[in-house]
Amino acid sequence: MTKRTPIIAGNWKMHNTLAESAALIEGLTKNFENKQNAEVIVAPSYTSLAKVAELCKGTAIEVATQDVHWEDKGAFTSAVSPVQAKDAGATHTIIGHSERRSVFGDTDEILNKKVAAALRHGLTVIFCVGETLEEREANKTLSVIEGQLEGGLKGFTEEQLKGLIIAYEPVWAIGTGKTATPQQAQEVHAAIRKYLAGKYSDAFAQATRILYGGSVKDSNVDEIMAQEDVDGALVGGQSLIAEKFRRIINFN
Ligand code: PEP
């Protein structure tokens with residue numbers, strides 16, 4: 001079985017001033033401990049991006065944007081391009097977070113263009129998928145996720161998608177305090193891996209890291225990470241608290 005390096009990623013969303021961002025990085029990096037040798041990523045908001053990237057230089061923490069536009073530059077008020085993201089120090093970008101899908105109307109087609117732009121500029125993509133509670137209750141979880149993967153990753157070869165990270169984030173578990181059970185997470189992660197094996201190759205499926213996101217906490221990370229197909233966590237709320245996020249990084 002392929003050994004996949006775990007990833008613990010923090011999505012700061014629309015939180016933190018510059019000073020708060022700096023304090024959080026200080027709290028994370030002081031006597032940094034990483035028992036599992038996890039890849040650690042933080043996704044600050046754009047205003048803190050360059051500062052956080054600067055502070056993370058020489059540490060084991062990588063920096064992501066929470067989204068990226070599909071054009072390199074132009075008249076797209078408020079958007080940030082992959083060129084700007086890289087220039088500010090990002091190596092990764094989240095694409096397709098459920099808040100982007102539901103609040104900002106990012107469709108599969110838009111997300112597909114964003115993935116293309118990120119790949120074109122060498123940003124590693126953390127592609128988020130997940131079902132709503134209604135979809136879960138209607139037994140549509142796997143078909144919804146498959147549709148999101150089909151739409152968002154349409155047209156790319158396995159070679160182009162090399163290094164892709166997928167985050168399974170059930171919408172009903174994001175920011176709600178409700179976490180999927182480890183079994184629910186494992187079931188969907190295994191289905192995603194099976195989908196990747198069918199669509200691309202077994203080697204690609206085995207190498208692709210699939211993160212779970214949705215109310216991951218210091219108190220539940222261990223059981224979630226114990227699942228065979230869970231390769232990491234995308235953490236919202238608790239990534240804003242240094243001690244909590246440090247404990248998540250050092251899951252058992
Ligand atoms: C997220 O923002 O991707 C997320 C999973 O948030 P939370 O951990 O707060 O549920």
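When a ligand or atom number is given, it counts from 1 through the structure's own listing order. What you see is a predicted model; the values in this text were computed from it and never measured. Reckoned from all heavy atoms, side chains included, excluding hydrogens, waters and symmetry mates.
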Under 4.0 Å to a heavy atom of Gly214 - the qualifying atoms of ligand 1, by number: 5 (C), 10 (O)
Shortest protein heavy-atom distance from atom 2 (O) of ligand 1, along with the residue and atom involved: Lys13 CE, 2.6 Å
Those atoms of ligand 1 less than 4.0 Å from some heavy atom in Ala173: 10 (O)
Basic-acidic side-chain contact under 4.0 Å: Lys154, Glu109: no
Atoms of ligand 1 close to Gly237 [distance to a heavy atom under 4.0 angstrom, numbered from 1]: 7 (P), 8 (O), 9 (O)
Nearest-option assignment for atom 10 (O) of ligand 1, heavy atoms, candidates Gly10, Gly236, Ala233, Gly175: Gly175
Residue and atom name of the nearest protein heavy atom (relative to atom 1 (C) of ligand 1), distance in Å to one decimal: His97 NE2, 3.3 Å
Per-atom contacts, ligand 1 versus Leu234 - under 4.0 Å to a heavy atom: 3 (O), 5 (C)
Residue part near ligand 1, for Cys128, under 4.0 Å between non-hydrogen atoms: neither
Geometric class of the Phe76/His69 ring pair [parallel <30°, tilted 30-60°, perpendicular >60°]: tilted
Over 12 non-hydrogen atoms of neighbours within 6.0 angstrom of CD in Gln183: yes
Side chain Gln148, main chain Gly130, donor-acceptor under 3.5 Å: yes
Under 3.5 Å side-chain donor-acceptor pair for Trp12 and Gln66: no
Parallel, tilted or perpendicular: ring planes of Tyr168 versus His189, cut at 30 and 60 degrees: perpendicular
Heavy-atom nearest neighbour in the protein, as seen from atom 3 (O) of ligand 1, with distance rounded to 0.1 Å: Glu169 OE2, 2.6 Å
Sub-4.0 Å atoms of ligand 1 with respect to non-hydrogen atoms of Ser215: 7 (P), 8 (O), 10 (O)
Side-chain donor/acceptor of Arg101 to backbone N/O of Gly96, under 3.5 Å: yes
Backbone N/O of Ile210 and side chain of Asp231: donor-acceptor pair under 3.5 Å: yes
Asn11 and ligand 1 - part of the residue with a heavy-atom distance under 4.0 Å: side chain
